[in-house]
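Worth saying up front: this structure is predicted, and the values here are computed from it rather than measured.
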Amino acid sequence: MAPDTGRPGPRREAGDVGERSVGESAGAGGGGEQRSGRISVAVVEAYAELARRVLAGPARLGRTRLVAVDGPSGAGKSRFAARLADALAALPGGRPPVVNTDDLLDGWDDQVTFWPRLDEWVLAPMREGKPGAYRRYSWVRQRFLARPVPVPVAPVLVLEGVSAARAVVRPELTLAVFVTAPASLRLDRAVARDGPEILPELRRWHAGERAHFAADDTVSRADLLVDGAPALPHDTDRYYVRIR
């Protein structure tokens, strides 16, 4: 079970060191891109180099470079966002704030309709060069907690979660990332973490995210497509596997 502030459900010059061919199962898992037999080349890239690219990019959300890490539940978005934040921490500006969209959902039925809350509490102040703050939803108490979570103005803000790279925010993104993994693996990850009792809600959630990604055209609009279940050996703390 996730902690009180987490959801008891799905949450949670690049040095190439190798490559492999990946087919549809690795690249299109659950809301991902339909590849129709096309072959992608997987390349191992460094988080450190990606962090430098982000800092060299334009700030489009006020003075802040907004990075959205999107993808279906269980694909590995949280891990990718954390590793990128670690890499940015070693560069000028320090570790960026990371906002997880799960913390702003008003329960399971607020899967994609939470956005006005995020915009009011975090994105709108950032547009004006001001710090934001949000109230975290408790999935145990089923209400928003009173204590605000501050979001300081920083060179980079990482936004992680399902629909983080949606169309409405694309003009303000410095980088849009989509992390993908096979649907069966993502389901296994969630059940192993949170127990089989979440399956009814989880299946409904998966259907909702597939519908959103299809309508939003999220995958084809992403700047970076990442394999969240790579077979290619690499140091996962320092490198990720890009499949587009």
Side-chain angles (χ1 to χ4, degrees), residues 5 11-12 14 45-71 77-106 110-137 144-179 212-213 215-226 240:
T5 54
R11 267 240 5 127
R12 301 203 67 85
E45 297 184 334
Y47 284 108
E49 177 59 27
L50 183 62
R52 287 190 286 269
R53 283 168 48 196
V54 169
L55 279 180
R60 296 190 173 111
L61 183 70
R63 294 179 285 141
T64 297
R65 296 158 184 83
L66 180 60
V67 176
V69 182
D70 207 331
K77 299 183 300 299
S78 297
R79 175 182 290 274
F80 183 93
R83 296 293 183 266
L84 179 57
D86 289 343
L88 284 160
L91 299 177
R95 186 180 184 86
V98 179
V99 175
N100 303 302
T101 63
D102 281 357
D103 290 339
L104 290 104
L105 307 187
D106 190 3
D110 199 23
Q111 185 177 24
V112 296
T113 49
F114 69 90
W115 198 266
R117 195 176 302 118
L118 170 68
D119 193 77
E120 177 185 353
W121 290 349
V122 178
L123 301 183
M126 290 286 174
R127 289 186 190 104
E128 303 299 323
K130 300 175 182 177
Y134 64 92
R135 292 167 55 207
R136 182 180 283 123
Y137 183 80
F144 287 96
L145 302 176
R147 184 177 180 180
V149 178
V151 183
V153 177
V156 179
L157 169 63
V158 179
L159 179 63
E160 178 272 318
V162 176
S163 82
R166 63 175 64 190
V168 69
V169 79
R170 283 176 198 146
E172 296 179 303
L173 293 179
T174 298
L175 179 70
V177 181
F178 194 93
V179 184
H212 166 75
F213 293 142
D216 187 71
D217 198 21
T218 315
V219 177
S220 66
R221 301 288 184 175
D223 302 306
L224 182 65
L225 184 61
V226 172
Y240 61 93

Passes side chain to side chain contact (heavy atoms under 4.5 Å, CB included), Arg166 versus Val168? Steps please. CA-CA 6 Å; Arg166 63 175 64 190; Val168 69; 3.5 Å; yes

Start with the C-alpha gap between Asp86 and Tyr47, add the side-chain angles, then the distance that decides, and say whether side chain to side chain contact (heavy atoms under 4.5 Å, CB included) holds. CA-CA 9 Å; Asp86 289 343; Tyr47 284 108; over 6 Å; no

Chi angles and distances behind the side chain to side chain contact (heavy atoms under 4.5 Å, CB included) call for Leu91, Arg52: CA-CA 8 Å; Leu91 299 177; Arg52 287 190 286 269; 3.9 Å; yes

Between Trp121 and Val151, is the side chain to side chain contact (heavy atoms under 4.5 Å, CB included) condition met? List the steps. CA-CA 9 Å; Trp121 290 349; Val151 183; over 6 Å; no

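Within a 6.0 Å sphere centred on CZ of Arg95, heavy atoms belonging to other residues, nucleotides or ligands number more than 12.
Remark: the backbone N or O of Ala167 is paired with a side-chain donor or acceptor of Asp216 at under 3.5 angstrom.
Taking CG of Leu173 as the reference point, atom CG of Leu61 lies at 9.0 Å (rounded to 0.5 Å). Separation of atoms OH (Tyr240) and CG (Leu224) is listed at 5.0 Å; rounding is to 0.5 Å. Rounding to the nearest 0.5 Å gives a distance of 10.5 Å between CZ of Arg60 and CG of Leu66. Here Phe144 contributes atom CZ and Asp103 contributes atom CG; the two are 9.5 Å apart, rounded to the nearest 0.5 Å. Phe114 CZ to Leu105 CG: the interatomic distance, rounded to the nearest 0.5 Å, is 6.0 Å. Atoms CG and CG, on Leu157 and Leu159 in that order, are 6.5 Å from each other to the nearest 0.5 Å.
Classification of Lys77 and Asp70 as a salt-bridged pair fails, no side-chain N sitting under 4.0 Å from a carboxylate O. Ion pairing between Arg117 and Asp110 holds under the 4.0 Å rule for side-chain N and carboxylate O. Remark: Arg170 does not engage Asp217 in a salt bridge, criterion side-chain N to carboxylate O under 4.0 Å.
By the 4.5 Å heavy-atom criterion applied to side chains, Leu84 and Val98 are not counted as neighbours. The shortest distance between side-chain heavy atoms of Pro155 and Pro96 does not fall below 4.5 Å. By the 4.5 Å heavy-atom criterion applied to side chains, Leu145 and Arg135 are not counted as neighbours. In this structure, Val153 and Arg63 have side chains that are in contact, with non-hydrogen atoms separated by less than 4.5 Å. Here the side chains of Thr64 and Val156 are not in contact, with every heavy-atom distance at 4.5 Å or above. Looking only at side-chain heavy atoms (C-beta outward), Arg65 and Glu172 stay at 4.5 Å or farther from each other. Between Val179 and Val177, the closest side-chain pair of non-hydrogen atoms falls below 4.5 Å.
Taking the six-membered ring for Trp, Phe213 and Phe178 have ring centres closer than 6.0 Å.
Among all heavy-atom pairs drawn from Gly57 and Thr174, the shortest one is CA-CG2, 4.1 Å.
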